[in-house]
Amino acid sequence: MRWAGQSTTTTTPAPQEPLLPLSGLVRTVRTPEFAGITFHEVLAKSALNRVPGNSSMPFHWTINPYRGCSHACVYCFARKTHSYLNLDTGLDFDSQLVVKTNVGEVVRRELSRRSWQREHVAMGTNTDPYQRAEGRYRLMPDIITALADSGTPFSILTKGTLLARDIPLLKKASSAVQIGMGISLAIIDPALAHAVQPGTPSPKARLELISRLRDAGLPCGVLAMPILPWLTDDDESLDALFGALAAAGATGVSAGALHLRPGAREWYLEWLAENHPALVGRYRRLYRGGSYASKEYRTWLSGRIRQHRANHGFTSGAQFFRELQPGPPGVSETAATATVRPAHATDAEPTLF
Ligand code: SF4
């Protein structure tokens, strides 16, 4: 396999690494190009994941080639899933990455089953498929090719500008199946973005990616979540965000307030205490009902979002997770997002792997 020949400094699990339940582990790898990151390469038995029947997600299947995410967003809801591996939901989630190195061949095998109905497959629902590791492992090209070859429509949501590498492939795929593209971008201020999402490409780089996708003739919706109370919810910030997205050519924007579910809540509040201590009490009051900001706040914010969206010419929300049905080839520009809650939006179901 192509990844087998890559340079490593460690090839076996160190005894102190808490990877007791990690099945299919082939080797553990550290490499100078990814300082601070440990890759746990596994051979997956399956790749297509069925979304639980009680989920409100508008799709039934997902593929997640990685577990853990070096984008390291402090509010990431998927953090909790690392506890299922006996890894912690903080630094381990950011730096102990599980890589399904055989995911491409497993996907192709699963898609070839006669029982496969070619339902829409969503990627980027739990961890980011174009996080930095993808530059090393190059798993997405095989997945995209397998989906397109099998006639399966799909969507990708990412913060990773590595996606640009695969634009020609995505363009080719879009002539065979319907695809939806989404970029996650909610913070325009580069310093704040770096503080909250330290491992992600800059807002400017993500805006450029939107433009490159549009220039290639692909649609590109934006998931502008989470809007952070008292940090990015003022009119000036929202105007700057929607203005920049419009200038970049985004085809739609969905936005919403920060969710703080267990597994993300403690990390975000710790970050807030260090960086904006004056806001901690206000956040505790705003989120005293649980994972969601108060209804009054959400109603107020949705009104501001509608206004700013209209001001910048957006007529609809982002449209990349539509439950596409097998149909004529082409690029979908319609999809629903009101109920979509991927990890990038800070709120996803922990079983979506
Ligand atoms: S929110 Fe998305 S990009 Fe950020 S750490 Fe989680 S999975 Fe990665």
Side-chain angles (χ1 to χ4, degrees), residues 34 36-39 49 57 62-85 87-100 122-135 137 139-140 155-163 181-187 190 192-203 205-206 209-210 221-228 232 254-268 270-271 291 318 320-321 337 340-353:
F34 290 83
I37 303 283
T38 302
F39 297 111
N49 314 293
M57 300 282 192
T62 66
I63 297 172
N64 289 292
Y66 302 98
R67 298 182 74 166
C69 186
S70 61
H71 283 164
C73 306
V74 292
Y75 54 77
C76 179
F77 178 79
R79 291 184 174 282
K80 187 169 170 52
T81 61
H82 243 43
S83 66
Y84 309 153
L85 303 174
L87 292 165
D88 82 51
T89 58
L91 185 60
D92 282 355
F93 178 82
D94 306 336
S95 62
Q96 301 275 335
L97 306 181
V98 177
V99 185
K100 301 172 188 174
M123 291 173 279
T125 59
N126 200 312
T127 60
D128 199 316
Y130 284 100
Q131 58 181 291
R132 280 187 61 218
E134 175 61 15
Y137 288 96
L139 302 179
M140 287 300 287
S155 59
I156 298 173
L157 175 65
T158 184
K159 290 187 178 85
T161 49
L162 266 169
L163 173 77
M181 302 300 307
I183 301 302
S184 175
L185 178 54
I187 305 172
L192 183 60
H194 181 69
V196 182
Q197 310 159 343
T200 58
S202 68
R206 277 179 272 168
L209 176 62
I210 294 167
V222 170
L223 187 60
M225 290 184 74
I227 303 296
L228 305 176
T232 62
S254 286
L258 173 72
H259 299 160
L260 287 179
R261 284 200 166 184
R265 186 185 186 97
E266 52 270 43
W267 296 109
Y268 184 80
E270 186 179 309
W271 173 85
S291 303
F320 37 83
F321 271 144
T337 54
V340 172
R341 298 197 295 266
H344 295 294
T346 74
D347 182 9
E349 301 204 16
T351 48
L352 292 181
F353 278 105

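When reading the values below, keep in mind they use all heavy atoms of this one structure, side chains included, and skip hydrogens, waters and symmetry mates. Both counts, for ligands and for their atoms, begin at 1 and track the order of listing. Nothing here was measured: the structure is a model prediction, and the numbers come from that model.
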Considering the heavy atoms of [X], write down every atom of ligand 1 situated less than 4.0 Å from one of them.
X     : answer
Cys76 : 1 (S), 5 (S), 6 (Fe), 7 (S)
His71 : 3 (S), 8 (Fe)
Ala72 : 5 (S)

Note to self: Less than 4.5 Å apart, side chain to side chain, heavy atoms only: is that true for Leu163 and Leu209?
What the structure shows: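 Yes - at least one pair of side-chain heavy atoms lies under 4.5 Å apart.
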- Query: Is Gln96 close to Leu85 at the side-chain level, that is, under 4.5 Å between some pair of heavy atoms?
  - Reply: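 No, their side chains stay 4.5 Å or more apart.
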Yes or no: does [X] have any heavy atom under 4.0 Å from an atom of ligand 1?
X      : result
Lys159 : yes
Ala78  : no
Asn126 : yes

- [ ] Check the pair Leu185 / Lys159 against side chain to side chain contact (heavy atoms under 4.5 Å, CB included), numbers first and verdict last.
- [x] CA-CA 7 Å; Leu185 178 54; Lys159 290 187 178 85; over 6 Å; no
| query | With no hydrogens and no angle check, do the side chains of Asp92 and His82 hold a donor and an acceptor under 3.5 Å apart? | reply |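 Checked: Asp92/His82 side chains show no N/O donor-acceptor pair below 3.5 Å.
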Partner set under ring pair (Phe, Tyr, Trp, His ring centres under 6.0 Å) for Tyr130, not counting sequence neighbours
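In terms of ring pair (Phe, Tyr, Trp, His ring centres under 6.0 Å), with neighbours along the sequence ignored, Tyr130 is linked to no residue.
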Quick one: list whatever passes side chain to side chain contact (heavy atoms under 4.5 Å, CB included) with Ala205, sequence neighbours left out.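 Checked Ala205 against side chain to side chain contact (heavy atoms under 4.5 Å, CB included); matches are Thr161, Pro201, Ser202.
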Output yes if Cys73 passes the N/O/S-under-2.8 Å test against atom 8 (Fe) of ligand 1; output no otherwise.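 No, since none of the N, O or S atoms of Cys73 sits under 2.8 Å from atom 8 (Fe) of ligand 1.
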